[in-house]
Amino acid sequence: MTFSWEKGTGYLIHFPESQKETETILEIVRPLFENPAIRKIGQNMKYDIQVLANYGIEVKGPLFDTMIAHYLLEPDMRHNMNLLSESYLGYSPVHIESLIGEKGNNQKNMRSVPVDKLMEYAVEDADVTYQLKMIFEPKIISGGLADLARDIEMPLISVLAAMERNGVKLDLEDLKSITINLREDIISLEKEIYTLAGTEFNISSPKQLGDILFIRLKLDEKARVTKTKQFITNEEILQRLTNKHPIISKVLEYRGLKKLLSTYVEALPLLVDKKTGRIHTSYNQAVAATGRLSSNNPNLQNIPVRDARGREIRKAFVPEKGHVFLSADYSQIELRLMAHLSKDESMIADFLSGNDIHAATASKIFGVEIDKVTREMRSRAKTANFGIIYGISSFGLSERLTIGRKEAKDLIDGYFNSYPGVKIYMDESIRKARDLGYVTTMFGRKRYLPDIHSRNQVVRGNAERNAINAPIQGSAADIIKIAMIRIFDRMKSEEYLSKMILQVHDELIFETATSELEKLKDLVIFEMSNAVKLDIPLKVDWGTGNNWFEAH
DNA sequence: CGAGTCACG
DNA sequence: ACGTACGTGACTCGA
């Protein structure tokens with residue numbers, strides 16, 4: 001592990017043989033790492049912070065992470081150190097693989113590398129990092145990204161490190177019984193499908209399934225195909241064929257259950273950490289071009305919730321004894337941001353009225369009193385509101401509402417008549433992207449959109465939708481990051497026992513000591529609601545429970 | 001290792 | 001005549 005200080009010195013911490021030597025070294029470096037007046041520089045510092053935490057050292061003081069800095073400078077690119085070194089320093093560092101071998105089971109431990117080799121690697125690592133810092137920091141400042149870096153991204157690193165280390169407990173018994181049920185159901189569906197098809201085949205193979213449905217059973221003479229000339233067999237297509245043949249609904253159910261089994265129910269238990277007995281996701285702070293986080297190994301940001309059977313999996317995420325889950329989420333944050341950023345008076349008024357926003361939209365675009373809005377009208381308005389955030393097109397909306405292009409266009413025209421400021425704002429975002437080459441979030445995060453000048457209208461259309469969506473999605477990401485930092489700081493300074501454990505884009509989940517529940521709930525709601533002052537309030541919904549299902 | 005599919009916000 | 005809703009990660013198949 002290597003670190004740099006302001007003076008550019010490389011530090012090597014080797015992994016000593018004896019316990020005594022380890023302790024000596026730790027006590028030498030501890031005052032440095034724990035000194036809040038010393039700014040630490042590193043590449044992917046979340047990792048280093050965790051290694052040090054394993055040795056009981058808490059890294060304090062400001063951070064400057066070159067990976068994160070480059071993410072802010074070039075959010076669409078990749079940020080690993082060798083790549084950065086090659087493109088900014090014209091120098092190819094020693095690959096870690098040359099010391100410990102390729103990734104996989106045979107990858108050696110750092111401890112097995114001879115100390116002289118290790119030293120060379122470590123010193124180079126610190127040197128490269130420091131040189132990158134010297135290049136990136138001025139760019140961050142001149143790019144108007146200093147506040148975002150100093151106040152949000154760099155402080156967030158420690159928050160994420162702690163959340164990852166906290167992890168979340170899984171009820172393995174619960175998952176086991178889900179597994180048994182799923183396996184049974186899958187086997188019987190399999191048999192039914194083979195009977196209905198009149199032959200056995202691999203249902204999980206889109207190619208084989210397509211051939212069965214569209215050649216053997218001839219369920220659609222005009223079946224559409226992919227670029228690779230396979231039949232499309234996705235859910236949307238299959239749904240439309242439900243009435244054509246009883247095999248369809250069986251296949252859909254089979255697909256759904258297989259997904260649950262392989263992606264969640266069977267996979268999650270394998271990722272329980274032997275030492276902690278918990279699941280530790282890792283958050284990637286530098287992949288999503290809009291500024292969102294992502295989660296992997298496992299991805300805990302896509303645990304099923306929409307469908308009843310999938311939602312059961314959430315019951316297996318449980319707090320420790322004496323604890324309860326608290327979940328708090330921003331209500332309609334992206335649409336609220338559209339209202340705020342566009343300053344559209346009528347959308348602001350709709351939010352301030354306290355009415356259901358989709359019903360209010362429906363009332364306007366369909367020209368009926370709000371209490372005369374039907375479920376169907378509300379549902380369409382909701383789809384339109386989503387479309388607006390994504391950078392609507394009449395084609396896209398018509399696909400989702402299964403209506404004609406003309407009808408969709410009329411709906412959009414009606415929408416813009418109701419919320420004229422939104423139309424003006426969207427045009428302004430695209431104009432800004434053309435003029436500057438990028439768009440920004442409320443906190444100055446940039447996304448470059450070079451394709452905005454493309455002569456190819458498909459490519460250009462994509463950039464135009466990004467010009468509309470990125471400031472919205474990105475501002476929402478900025479806001480929850482601010483809330484996370486403030487909540488984390490307060491939980492530490494006010495000595496809470498509870499832990500922040502998960503973030504799912506607009507939602508935070510806490511494993512709360514039961515005695516702290518009321519206080520923590522107020523703290524979380526306050527900090528989330530007040531992370532930023534908008535023209536309309538940020539609404540925060542919350543729930544508690546003895547598992548994630550109940551709390552959500 | 002790309003393609004197809006599908007889980008989430 | 002084109003072909004698109006925004007952002008991710010994981011699994012399975014099959015060349």
Side-chain angles (χ1 to χ4, degrees), chain A residues 75-76 201-210 224-238 251-252 254-268 270-271 281-284 286-307 309-311 313-314 329-335 338 383-401 405 408 412 439 447 456-474 476-477 480 502-508 548 552:
Chain A
D76 279 291
F201 64 102
N202 186 346
I203 310 163
S204 298
S205 161
K207 183 170 153 48
Q208 293 183 39
L209 177 65
R224 289 168 50 198
V225 293
T226 65
K227 294 159 212 121
T228 57
K229 291 187 283 187
Q230 271 189 50
F231 292 111
I232 304 175
T233 67
N234 65 31
E235 190 179 354
E236 189 196 338
I237 298 276
L238 259 44
V251 169
L252 283 168
Y254 175 90
R255 280 247 180 98
L257 300 189
K258 264 266 174 168
K259 176 87 177 179
L260 295 182
L261 191 65
S262 63
T263 305
Y264 305 102
V265 179
E266 286 181 333
L268 288 172
L270 304 179
L271 290 164
T281 185
S282 53
Y283 289 102
N284 199 329
V287 283
T290 53
R292 274 191 176 183
L293 300 177
S294 80
S295 155
N296 63 19
N297 288 309
N299 184 352
L300 294 185
Q301 292 181 324
N302 74 347
I303 302 301
V305 67
R306 292 172 189 171
D307 139 78
R309 187 125 189 214
R311 202 151 50 218
I313 295 169
R314 294 195 169 218
D329 67 284
Y330 284 114
S331 165
Q332 301 293 348
I333 187 169
E334 293 192 350
L335 206 53
M338 177 58 90
T383 304
N385 276 331
F386 269 104
I388 286 294
I389 290 163
Y390 294 152
I392 203 156
S393 71
S394 57
F395 182 87
L397 189 63
S398 68
E399 283 286 292
R400 259 148 208 83
L401 290 176
R405 291 274 294 270
I412 294 170
V439 290
R447 180 159 188 197
N456 180 329
Q457 126 182 6
V458 176
V459 174
R460 190 174 64 247
N462 191 40
E464 287 172 354
R465 289 193 298 279
N466 281 330
I468 293 158
N469 176 261
I472 304 277
Q473 189 180 121
I480 196 165
L502 297 170
Q503 190 253 37
V504 191
H505 310 305
D506 62 0
E507 172 187 17
L508 295 175
W548 195 0
H552 186 269

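In the text below, chain A, chain B and the rest are named by the order of the sequence lines, each starting its count at 1.
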Check the distance between [N]'s [atom2] and [X]'s [atom1] and give it to me in whole angstrom.
| X | N | atom1 | atom2 | value |
| --- | --- | --- | --- | --- |
| A:Q230 | B:dG2 | CD | C1' | 11 Å |
| A:D76 | C:dC6 | CG | C1' | 13 Å |
| A:R465 | C:dG3 | CZ | P | 13 Å |
| A:F201 | C:dG14 | CZ | P | 12 Å |
| A:N234 | B:dA3 | CG | C1' | 13 Å |
| A:L300 | C:dT8 | CG | P | 18 Å |

For [N], does either OP1 or OP2 sit under 4.0 Å from a side-chain N or O belonging to [X]?
| X | N | value |
| --- | --- | --- |
| A:Q208 | C:dG14 | yes |
| A:S393 | C:dT4 | no |
| A:R400 | C:dA5 | no |
| A:N299 | C:dC11 | no |
| A:N302 | C:dG7 | no |
| A:N202 | C:dC13 | yes |
| A:S205 | C:dT12 | no |
| A:R255 | B:dG4 | no |

ask   = Is a donor on one side and an acceptor on the other found under 3.5 Å between the side chain of A:Q301 and the backbone of A:S295?
value = yes
Given the [atom1] atoms of [N] and [M], what is the spacing between them in whole Å?
| N | M | atom1 | result |
| --- | --- | --- | --- |
| C:dC2 | B:dT5 | C1' | 25 Å |
| B:dA3 | C:dT4 | P | 14 Å |
| B:dG2 | C:dA5 | C1' | 24 Å |

Out of [options], which has the shortest distance to the side chain of [X]?
| X | options | value |
| --- | --- | --- |
| A:A289 | C:dT12, B:dT5, C:dT8 | C:dT8 |
| A:S204 | C:dT12, C:dT4, C:dA10 | C:dT12 |
| A:Q473 | B:dA7, C:dG7, B:dA3 | C:dG7 |
| A:K227 | B:dG4, B:dG9, C:dT12 | B:dG4 |
| A:V287 | C:dG14, C:dT8, B:dG4 | C:dT8 |

Distance, nearest 0.5 Å, that separates CZ of A:R292 from CG of A:N284 = 14.5 Å
Donor-acceptor pair (no angle test) under 3.5 Å: [X] side chain, [N] base:
| X | N | result |
| --- | --- | --- |
| A:R292 | C:dT8 | no |
| A:Q301 | B:dC8 | no |
| A:R447 | C:dG7 | no |
| A:K207 | C:dC13 | no |

Determine the contact category for [X]: base if any of its heavy atoms lies under 4.0 Å from a base atom, sugar-phosphate if only primed atoms, P, OP1 or OP2 are that close, otherwise nothing.
| X | result |
| --- | --- |
| A:T383 | base |
| A:I392 | base |
| A:N466 | sugar-phosphate |
| A:I232 | sugar-phosphate |
| A:R460 | nothing |
| A:L260 | nothing |
| A:G461 | nothing |

task = Evaluate side-chain contact (heavy atoms from CB on, under 4.5 Å) for A:N202 paired with A:K207, printing each intermediate quantity in order.
result = CA-CA 9 Å; A:N202 186 346; A:K207 183 170 153 48; over 6 Å; no
query = What's the verdict on side-chain contact (heavy atoms from CB on, under 4.5 Å) for A:N469 and A:R447, showing C-alpha distance, side-chain angles and the deciding distance?
reply = CA-CA 11 Å; A:N469 176 261; A:R447 180 159 188 197; 5.6 Å; no
request  = Determine, step by step, whether A:T383 and A:L397 satisfy the side-chain contact (heavy atoms from CB on, under 4.5 Å) criterion, reporting the C-alpha distance in whole Å, the side-chain angles of both residues, the deciding distance to 0.1 Å, and the verdict.
outcome  = CA-CA 8 Å; A:T383 304; A:L397 189 63; 3.9 Å; yes
task = Check whether the side chains of A:T233 and A:R255 place a donor and an acceptor atom closer than 3.5 Å, and report yes or no.
result = yes
request  = If C:dG9 has a Watson-Crick or G-U wobble mate with both distances under 3.5 Å, name it; if not, just say none.
outcome  = B:dC6
ask   = A:N469 or A:V458: which one's nearest nucleotide on DNA chain C is closer to the 5' end?
value = A:V458
ask   = Are A:E236 and A:R224 close enough for a salt bridge, meaning some N to O gap below 4.0 Å?
value = no
